[in-house]
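In listed order, ligands and their atoms are each counted from 1. Along the sequence shown, the residues carry numbers beginning at 1.
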Amino acid sequence: MDGKKKKFYIHTFGCQMNFHDSEKISGVLSESGFSEASDGEDADLIIFNTCSIREKAEQKFLSELGRIRNLKRHKPGLKIAVAGCVAQQMGGKLLKKAPYVDYLIGPQNLHALKGISPLKPIKDMPALSIAENPELAFMELPAARGKKPGAWVSIMYGCDNFCTYCIVPHTRGREVCRPWESIRQEVEGLAAEGFKEVTFLGQNVNSYSSGLDFRGLLAMADRIDGIKRIRFVTSHPRDLSVALIQAMGSIGKLCEHIHLPLQSGSDTILARMNRRYSFGDYREKIERLRRQAPGIAITTDIIAGFPGETDSDHEATMAALKEIEYDGIFAFKYSPRPGTAASIFGGQVPDSVRSRRLNEILALQDEITARKNMSLVGSVQEVMVEGPSEKNTGKLTGRTRTNKIVNFDTGKKDPGKNISPGTIVNLKIIRAGRHSLEGKVPEE
Ligand code: SAH
Ligand code: SF4
Ligand code: F3S
């Protein structure tokens, strides 16, 4: 070696699970003796941790990859690894299309990274690590986590639901749950390191089962000293049980927020999506949640223009948004994904119609979000401080239990020194926008 430490750089796309996987990639490589580069130009190994949920996400990655090709021309020793869902989904096809890619590591095979060490030639690693891995739940990898106070914790991997539009079961494999004892150990370790909030991650956390069910897992985390808040993503409406709904109001550290993807307000479309609930079932669960935990924030995902979606199906979605009044939504144009059932359904909706419906959905929700946030003005909210606000360094930022961002002025010159991340403050909400609230420390 040339005496200088070999460096890696990770570029991450996609969901929280992928961002957490990147923390694991970073943890494994750091343990092997690599250090993290501040940008791609400075790295000996560039890792793309990719997402293929929609065509756009995949294209964003492919265009980035094209750019790196030039970098590699100038720097022949540079190695490129593609991890994540595109690696899994494209497999060898990606290596053919982009022969300058050195390694493919699917999301079920991050442990393969242990094979690369800065002390031995990087070429000793197998180029393809994309086999199904049923042992994944038992493989513990060190995660190099980002800023406190919040930490992601995987509780399960994969998905068995096969919603007809979705690529995830094809890339992340079958659902497997981590043993609860490993999860407990990890959360205890995080508390000891000073993390104050944990977010349990899984594609369908309500179906967690490994000695404990999901409610049992939440109750376990509730008893760990040092942890002040517990969150989770994502729930599938069909598996949201009465027991879990009861937990929402009764487990003290469990925050009053649930992300419950509806996808469509039309029962015909829900059936074609293989979601296995009707809008009526969904509404009943929302009503129970609101009775159990008044003030709970509810967010959702919506797909516009699923194959076969008529104007009246779209209107049913609009009506559902008006009725439920979500705190926030993520809405997407339907994107056909290779190998999924819906990609070959009849009745594909033209792009212009998908765009129009998406815009209508977003405009309607914007109004609802603004109205909901406005209704908080004047209230006092429990906010966990995260650090200096990104836009205005004179302010601090944090989140309510309902997951709303609150920026606030402490009135002190260097607020970061006075209030550390993880501190809980009660703030009076004085202004509300669509994306954040503004709070004020009540007069002492
Ligand atoms: N496991 C999570 C969702 C993971 S994907 C769940 O079931 O809730 C996140 C969101 O992306 C989905 O909820 C869906 O709204 C959207 N999505 C997934 N596949 C899509 C596709 N092919 N086109 C458009 N949106 C899609
Ligand atoms: Fe995809 Fe459905 Fe699984 Fe969510 S539950 S990851 S939408 S298949
Ligand atoms: Fe996540 Fe994208 Fe894969 S949303 S699960 S990284 S396809």
Side-chain angles (χ1 to χ4, degrees), residues 10-22 25 48-61 82-90 105-108 110 130 152 154-175 200-208 232-240 258-265 269-270 272-277 282 298-307 309 317 326 328-345 348-349 351 354-355 357-358 361:
I10 312 177
H11 190 140
T12 310
F13 304 80
C15 62
Q16 282 138 318
M17 246 150 282
N18 239 27
F19 277 83
H20 183 42
D21 280 351
S22 288
I25 294 172
F48 288 97
N49 195 10
T50 60
C51 172
S52 61
I53 199 81
R54 284 167 291 274
E55 201 184 344
K56 227 178 173 175
E58 192 177 308
Q59 268 163 5
K60 233 164 79 187
F61 150 64
V82 179
C85 290
V86 179
Q88 188 70 34
Q89 178 225 323
M90 290 183 72
I105 307 146
Q108 304 169 54
L110 295 183
I130 55 171
W152 288 309
S154 310
I155 64 163
M156 60 209 294
Y157 304 100
C159 181
D160 287 346
N161 282 325
F162 287 96
C163 302
T164 53
Y165 49 80
C166 185
I167 194 121
V168 174
H170 306 265
T171 60
R172 301 238 164 203
R174 298 290 57 74
E175 183 180 288
F200 285 152
L201 292 182
Q203 295 295 350
N204 184 11
V205 292
N206 301 149
S207 74
Y208 178 85
F232 58 85
V233 271
T234 299
S235 303
H236 190 294
R238 189 200 36 166
D239 294 320
L240 178 62
I258 189 165
H259 185 67
L260 197 61
L262 170 65
Q263 313 298 0
S264 168
I269 296 299
L270 287 172
R272 288 168 61 89
M273 287 176 163
N274 190 31
R275 294 291 285 177
R276 289 167 288 162
Y277 54 83
Y282 185 95
I298 301 172
T299 53
T300 205
D301 293 342
I302 299 287
I303 297 178
F306 184 77
E309 188 185 76
T317 299
Y326 289 102
I329 66 168
F330 295 104
F332 316 98
K333 267 200 282 190
Y334 168 71
S335 168
R337 306 311 294 130
T340 60
S343 66
I344 49 169
F345 280 0
Q348 299 284 329
V349 176
D351 187 56
R354 280 182 279 159
S355 295
R357 291 182 184 162
L358 176 66
I361 288 167

Metal environment of atom 3 (Fe) of ligand 2, protein N/O/S under 2.8 Å: Cys159 SG

Here the gap from Met17 atom CE to Met156 atom CE, rounded to the nearest 0.5 Å, amounts to 9.5 Å

Closest non-hydrogen atom pair, Ile269 against Pro307: CD1-O, 4.2 Å

Could you tell me which non-hydrogen atom of Glu58 sits nearest to which non-hydrogen atom of Ser52, and how far apart they are? OE1-CB, 3.8 Å

Which atoms from ligand 2 have a heavy atom of Arg275 less than 4.0 Å away? 2 (Fe), 7 (S)

Scanning both residues in full, the closest heavy-atom pair of Ala304 with Arg354 reads O-CG, 3.8 Å

Gln263 side chain to Thr300 main-chain N or O, any donor-acceptor pair under 3.5 Å? no

Taking all atoms of both residues into account, what is the closest heavy-atom pair of Gln203 and Arg172, and its distance? NE2-CD, 4.5 Å

Given a heavy-atom cut-off of 4.0 Å, could you list the residues near ligand 3 in chain and number order? Cys15, Asn18, Thr50, Cys51, Ser52, Ile53, Cys85, Val168, Arg172, Gln203

Heavy atoms, side chains only, cut-off 4.5 Å: are Tyr326 and Thr299 in contact? no

Go through the side-chain N and O atoms of Asp21 and Asn49 and say whether any donor and acceptor fall under 3.5 Å apart. no

Throw together a table of side-chain donor-acceptor distances under 3.5 angstrom for residues 157-164, partners on residues two or more places apart or in other chains.
residue, atom, partner, partner atom, Å
Tyr157, OH, Lys24, NZ, 3.1
Asp160, OD1, Arg174, NE, 2.8
Asp160, OD1, Glu175, N, 2.9
Asn161, OD1, Arg238, NH2, 3.0
Asn161, OD1, Arg276, NH2, 3.2
Thr164, OG1, Arg272, O, 2.7

If we count only N and O atoms by modelled type, under 3.5 Å, do the side chains of Glu309 and Tyr334 hold a donor and an acceptor together? no

Which class fits the ring pair Tyr282 and Tyr277: parallel under 30°, tilted 30 to 60°, perpendicular over 60°? tilted

Describe, in one word, how the ring planes of Trp152 and Phe19 are oriented to each other, choosing from parallel (under 30°), tilted (30 to 60°) and perpendicular (over 60°). tilted

Which atoms form the tightest heavy-atom contact between Gly106 and Ile130, and what is the distance? N-CG2, 3.8 Å

Taking only heavy atoms of the protein into account, state which residues are under 4.0 angstrom from an atom of ligand 1, in chain and number order. Ile53, Arg54, Tyr165, Gln203, Thr234, Pro261, Gln263, Arg275, Asp301, Ile303, Phe332, Lys333, Tyr334, Ser335, Arg337

Can you name the nearest heavy-atom pair linking Thr12 to Ser22, along with the distance? OG1-OG, 2.7 Å

Tell me the protein heavy atom at minimum distance from atom 7 (S) of ligand 2, and give that distance in Å. Tyr165 OH, 3.3 Å

